[in-house]
Amino acid sequence: MLDRTFFERDAVTVARDLIGVEVLVDGVGGPIVETEAYDAGDPASHSFHGPTARNAVLFGPPGHAYIYRIYGLHWCMNFVCSPVSAVLIRAIEPRHGLDVMAGRRGTGSVRLLCSGPGRLCQALAVDHGLDGAPIDAPPFDLRAADAPRSVAVGPRIGISKAVDTPWRFGEAGSRFLSKPFAP
DNA sequence: GAGGCGATTGGCT
DNA sequence: GCCAATCGCCTCG
C-alpha cells in the first residue's frame with residue numbers, strides 16, 4: 001500500500017511516479033502504464049472555474065478518487081493531489097482478475113481490457129459510487145512499482161485547452177497504452 | 001428553463 | 001478516418 005503522503009505533491013510529479021504502481025479495485029487490476037496531470041490553474045482542468053457539485057472532490061484532501069461521467073456514458077478515474085490537482089488514470093496493464101475484466105468488458109481482447117480511461121473503469125467496475133473514496137482503503141489497493149519503468153512524455157489527449165502542455169506520461173513501449181507516444 | 005458540450009469508445013465507410 | 005451514442009453539468013438569458 002502506498003503511503004498517503006505520496007499524493008501530497010503536485011499532480012505532474014505524482015503522474016510520473018504513478019507509472020508502474022499497481023492499482024487494484026476489489027483485487028482486480030494491474031500496473032498503471034499511462035497517466036495525465038491536471039494542475040491547479042490549468043485551463044484544461046475541471047477545477048479551473050472553481051468548485052461545483054461535480055468537481056467538489058478536487059477541492060478536498062489529496063489521496064481520494066475523483067470520478068466523473070464523460071460523454072454521457074463512460075467513467076473516468078482520477079487521484080486527487082495537492083494543491084487542487086489530479087492525475088487521470090488512462091491505462092493499466094491487465095494482470096489480476098483477467099476473467100472478471102473480460103466479463104465486464106464483453107471482449108476477449110486482453111490488449112483492449114484497460115487501454116483507455118473509460119475502458120479501465122468498466123473493467124474495474126469503477127463508477128460514481130467511488131467518487132470521493134479514499135484510495136488507501138478498500139476496495140482500493142495501491143502497491144509500489146515492482147521495477148523501475150522507462151517513462152515517455154507527451155501532450156495530453158482529447159482536450160481542447162492547453163493542448164501542447166506535455167503532461168501525459170506512460171511506460172515507454174507498453175502495448176497497453178491508449179495511444180503510442182510519438183518518438 | 002433551455003442549449004451546448006465534454007479528460008471516450010466502438011462500429012461503419 | 002468519420003461519426004453517432006447519451007446525459008449530467010455548466011453557462012447564459
Side-chain angles (χ1 to χ4, degrees), chain A residues 7 10-19 21 23 25 29 32-60 62 64-94 101-133 135 151-171 174-182:
Chain A
F7 295 99
D10 70 276
V12 177
T13 302
V14 173
R16 188 185 295 107
D17 285 357
L18 275 175
I19 302 302
V21 170
V23 55
V25 179
I32 296 171
V33 296
E34 184 181 347
T35 61
E36 283 179 0
Y38 289 87
D39 204 311
D42 173 8
S45 172
H46 287 177
S47 65
F48 187 68
H49 297 289
T52 65
R54 177 180 63 161
N55 67 19
V57 174
L58 281 177
F59 293 84
H64 292 244
Y66 166 52
I67 295 160
Y68 64 91
R69 202 202 263 288
I70 186 66
Y71 294 113
L73 63 164
H74 302 294
W75 298 99
C76 289
M77 178 170 65
N78 299 250
F79 294 156
V80 177
C81 302
S82 183
V84 189
S85 56
V87 175
L88 171 69
I89 310 302
R90 288 195 55 91
I92 69 177
E93 177 181 327
M101 294 184 193
R104 290 167 176 164
R105 290 271 301 125
T107 176
S109 168
V110 175
R111 194 181 66 80
L112 296 178
L113 281 184
C114 303
S115 173
R119 289 173 181 147
L120 80 86
C121 282
Q122 186 180 20
L124 272 55
V126 169
D127 63 18
H128 190 256
L130 287 175
D131 186 40
I135 52 188
V151 178
V153 182
R156 294 172 292 184
I157 292 177
I159 58 177
S160 58
K161 300 164 187 170
V163 294
D164 294 326
T165 306
W167 283 352
R168 175 180 177 238
F169 303 92
E171 180 181 342
S174 169
R175 59 190 269 259
F176 299 104
L177 297 171
S178 65
K179 287 184 181 175
F181 283 81

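Not measured: the values here are computed from a predicted model. The sequence lines fix the lettering, A, B, ..., with proteins before strands; numbering per chain opens at 1.
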Enquirer: Going by heavy atoms in the side chains, are A:Asn78 and A:Val80 under 4.5 Å from each other?
Expert: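 In short, these two side chains do not touch, never coming nearer than 4.5 Å.
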Enquirer: With a 4.5 Å heavy-atom cut-off, do A:Lys161 and A:Phe48 have their side chains touching?
Expert: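 SC-SC contact between A:Lys161 and A:Phe48 ruled out.
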Enquirer: Heavy atoms within less than 4.0 Å of DNA chain B: which residues of residues 33-45 of chain A have one? Give them sorted by number.
Expert: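 A:Tyr38, A:Ala44 - these, ordered by number, are the residues of the stretch whose heavy atoms sit under 4.0 Å from the strand.
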Enquirer: Which residues satisfy the side chain to side chain donor-acceptor pair (under 3.5 Å) test with A:Asp127, sequence neighbours excluded?
Expert: none
Enquirer: Please confirm whether the backbone N or O of A:Asp42 pairs with a side-chain atom of A:Asp39, one donor and one acceptor, at under 3.5 Å?
Expert: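 No, A:Asp39 side chain to A:Asp42 backbone: no donor-acceptor pair under 3.5 Å.
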Enquirer: Check whether A:Arg104 reaches the backbone of A:Ala123 with its side chain - one donor and one acceptor, N or O, closer than 3.5 Å.
Expert: yes
Enquirer: Could you state the atom-to-atom distance from NE2 of A:His46 to C1' of C:dG8 in whole Å?
Expert: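 After rounding, the reported distance stands at 12 Å.
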Enquirer: Which parts of nucleotides 8-13 of chain B does protein reach within less than 4.0 Å, heavy atoms only, written one letter per nucleotide 5' to 3' as B for base, S for sugar-phosphate only and - for none?
Expert: BSS---
Enquirer: What integer distance in Å separates A:Phe48:CZ from C:dT11:P?
Expert: 12 Å
Enquirer: Using modelled atom types and a 3.5 Å cut-off, is there a donor and acceptor pairing between side-chain atoms of A:Ser178 and backbone atoms of A:Ser115?
Expert: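 No, the answer is negative, given that no donor and acceptor are paired below the 3.5 Å cut-off.
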Enquirer: Roughly, in whole Å, what's the span from CD1 in A:Ile67 to C1' in C:dC9?
Expert: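 Spelled out: CD1 on A:Ile67 to C1' on C:dC9 is 17 Å.
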Enquirer: According to the Watson-Crick and G-U wobble definition with distances under 3.5 Å, which dot-bracket string, read 5' to 3', encodes DNA chain C, using [ ] for crossing pairs and | for pairs with another strand?
Expert: |||||.||||||.
Enquirer: Among residues at least two apart in sequence or on other chains, which ones pass side chain to side chain donor-acceptor pair (under 3.5 Å) with A:Ser45?
Expert: A:Ser47
Enquirer: So A:Arg54, base contact, sugar-phosphate only, or nothing? Heavy-atom distance under 4.0 Å.
Expert: sugar-phosphate
Enquirer: Under 3.5 Å, is there a donor-acceptor pair between the side chain of A:Arg90 and the main chain of A:Glu34?
Expert: no
Enquirer: On a whole-Å scale, what distance lies between the P atoms belonging to B:dG4 and C:dA4?
Expert: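 The answer is 16 Å between these two P atoms.
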Enquirer: Quick check: does any side chain N or O of A:Asp164 sit under 3.5 Å from a backbone N or O of A:Pro155, one acting as donor and the other as acceptor?
Expert: no
Enquirer: Is there a donor in the side chain of A:Gln122 and an acceptor in the side chain of A:Arg105, or the other way round, less than 3.5 Å apart?
Expert: yes
Enquirer: According to side chain to side chain donor-acceptor pair (under 3.5 Å), who are the partners of A:Ser82, at least two apart in sequence or on a separate chain?
Expert: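 Side chain to side chain donor-acceptor pair (under 3.5 Å) check on A:Ser82 returns nothing, list empty.
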Enquirer: Starting at atom CZ of A:Arg156, determine the distance to atom C1' of B:dG6, rounded to an integer number of angstrom.
Expert: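 Atom-to-atom, A:Arg156 to B:dG6, this comes out as 15 Å.
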